[in-house]
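What follows is a short report on a single structure.
We use all heavy atoms of the structure for the numbers below, so side chains are in, but hydrogens, waters and symmetry mates are not. So you know, we letter chains A, B, ... as the sequences are listed, proteins then strands, and number each from 1. Just so it is clear, the structure is predicted and the values come from calculations on it, not from any experiment.
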There are 2 protein chains.
Amino acid sequence: MHHDTRTAIIEAAASLFSDLGYSAVSMRDVANKVGVTPANLYHHFKGKDELIREALAHVFTHKTASLEALLNVNQDADEKLEAFVHWLVHLLAEDKIFCRLLVRELTDGDAGRLEYLSKTVFERPFTLVRSLASTRVRDGEDDFLAAVSIIGVVLGQVQLGAIVRHLPGGCSDHLDPDVITRHVIAALRECFKTTSIKDA
Amino acid sequence: MHHDTRTAIIEAAASLFSDLGYSAVSMRDVANKVGVTPANLYHHFKGKDELIREALAHVFTHKTASLEALLNVNQDADEKLEAFVHWLVHLLAEDKIFCRLLVRELTDGDAGRLEYLSKTVFERPFTLVRSLASTRVRDGEDDFLAAVSIIGVVLGQVQLGAIVRHLPGGCSDHLDPDVITRHVIAALRECFKTTSIKDA
DNA sequence: GTCTATAATTTGATAGAC
DNA sequence: GTCTATCAAATTATAGAC
């Protein structure tokens, strides 16, 4: 499977870090998961800090590549925004390691790591969503905040999924990525129904 | 200030846990912050697990009490929903310990702790928002998901605040609770503009 | 590149004096 | 109720054989 031990270590570490957090995972835990000795990890990485950085880079890099292709096809802004929501919901729902490390970095990351996260993960999608939103927000509204809300509502839906089954009326349908996607798209369609262009 | 050592320990622990996470904080760290010896902590609590549970209970209990009073005044559903958004944005923005522990529990909490979190924090506000939304969502739309989105968009805005200054166009205005509140309220107003009642 | 063995430090927790 | 002193286990990390 993994002919590259270094990669195997990084992927085991990313999985454990995403589940338990950085400080709750020891070098032993990672080594055991890979099937090597703890000392081996120090041959491939200077220490735990470097392993954390490499694991984050492995999970975050090129994560938005599939988005570019998706939005290069000929579509109007409405369709592109809907394609983005579909892409983001499914990305966060299906790659739990990515999703959980993302939330951990948003909560715990220092200034340097947050800037790295912004550049590698958020900058391209954010710029794109902001440009899609800017042509559709009402006059006087802030397209920056609109973009944050669009990404934020998806992130919030996924995170609150952890307690959906404990809330009155919650059922497994409310965890289905396709159901969430349709709901968010419908809500955004309402929200942007009257554009400044159409009003003019 | 704190005549009650036990309470001082709990509050120091909550502060440290919210900043660094449970496993990154040692009993020594908590004791040092309070100004007592580590052994003292084991007189007040059976162990670290109990201290974590007590800290969570201290931060989460009665957190939604101010909401009840806020919404008991005579207002229509629109005004109540806007009052809720204002309340939630300011709660999450101003009580960072509560906000960060909340996100940690959503990410890391086991089934038991998530159920506890749901009951103590989310159940009342959620039921309330859901009832406010249910009279206003379009026919065929899911009021459960609408409530999750309303809470989720606020949670997302606050969490993405960590990288706002690294995103193109981001400025400190976008972190101002009042600015965020106005933005979310305006967006929801658009989203709910056509209610099934008014259409009928 | 991987292992055995181990050093140095930190951590959760306890016993018992005051 | 708080302290001193301490332990056993776990953790990060290194040295050196294979």
Could you give the side-chain donor-acceptor pairs of residues 164-177 of chain A under 3.5 Å, partners two or more places apart or in another chain?
residue, atom, partner, partner atom, Å
A:H174, ND1, A:C171, N, 3.2
A:H174, NE2, B:D142, OD2, 2.8
A:D176, OD1, A:D178, N, 2.8

Is the distance from OP1 or OP2 of [N] to the nearest side-chain N or O of [X] less than 4.0 Å?
{"X": "A:H43", "N": "C:dC3", "value": "no"}
{"X": "B:T37", "N": "D:dT4", "value": "no"}
{"X": "B:N40", "N": "D:dC3", "value": "yes"}

Quick tally for nucleotides 13-18 of chain C: nucleotides whose base has a protein heavy atom under 4.0 Å get B, sugar-phosphate-only ones S, the rest -, giving BBB---

Whole angstroms only, please: what is the [atom1]-[atom2] distance between [X] and [N]?
{"X": "A:L20", "N": "D:dA10", "atom1": "CG", "atom2": "C1'", "answer": "16 Å"}
{"X": "A:E50", "N": "D:dA13", "atom1": "CD", "atom2": "P", "answer": "11 Å"}
{"X": "B:L16", "N": "C:dT11", "atom1": "CG", "atom2": "C1'", "answer": "15 Å"}
{"X": "B:L41", "N": "D:dC3", "atom1": "CG", "atom2": "P", "answer": "10 Å"}
{"X": "B:N32", "N": "C:dT10", "atom1": "CG", "atom2": "P", "answer": "12 Å"}
{"X": "A:F45", "N": "D:dT14", "atom1": "CZ", "atom2": "P", "answer": "15 Å"}
{"X": "A:R6", "N": "C:dT2", "atom1": "CZ", "atom2": "P", "answer": "12 Å"}

Cation-pi check, B:R113 to B:Y22: give yes when NZ or CZ is under 6.0 Å from the six-membered ring centre and within 45° of the ring axis, no otherwise.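 Cation-pi check for B:R113 and B:Y22: passes.
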
Quick check: does any side chain N or O of A:T61 sit under 3.5 Å from a backbone N or O of A:H58, one acting as donor and the other as acceptor?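 It does not hold such a pair.
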
Please classify the nucleic acid contact of B:S26 as base, sugar-phosphate, or nothing, using heavy-atom distances under 4.0 Å.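 Counting heavy atoms under 4.0 Å across all strands, the contact made by B:S26 is with sugar-phosphate only.
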
May I ask you to say what B:V25 touches in the nucleic acid, namely base, sugar-phosphate or nothing, with a heavy-atom cut-off under 4.0 Å?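 Sugar-phosphate, backbone atoms only, no base.
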
Less than 3.5 Å apart, any donor N or O on the side chain of B:Q159 or A:Q159 sitting next to an acceptor on the other? yes

So, applying side chain to side chain donor-acceptor pair (under 3.5 Å) with A:R6, which one of A:E54, A:H43, A:H44 is it?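 When side chain to side chain donor-acceptor pair (under 3.5 Å) is applied between A:R6 and each of A:E54, A:H43, A:H44, only A:E54 qualifies.
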
A:L92 and A:W87: side-chain contact (heavy atoms from CB on, under 4.5 Å), yes or no, with the steps? CA-CA 9 Å; A:L92 295 180; A:W87 171 83; over 6 Å; no

Quick one: side chain to side chain donor-acceptor pair (under 3.5 Å) pairs with a partner in residues 92-102 of chain B, sequence neighbours left out? B:K63-B:D95

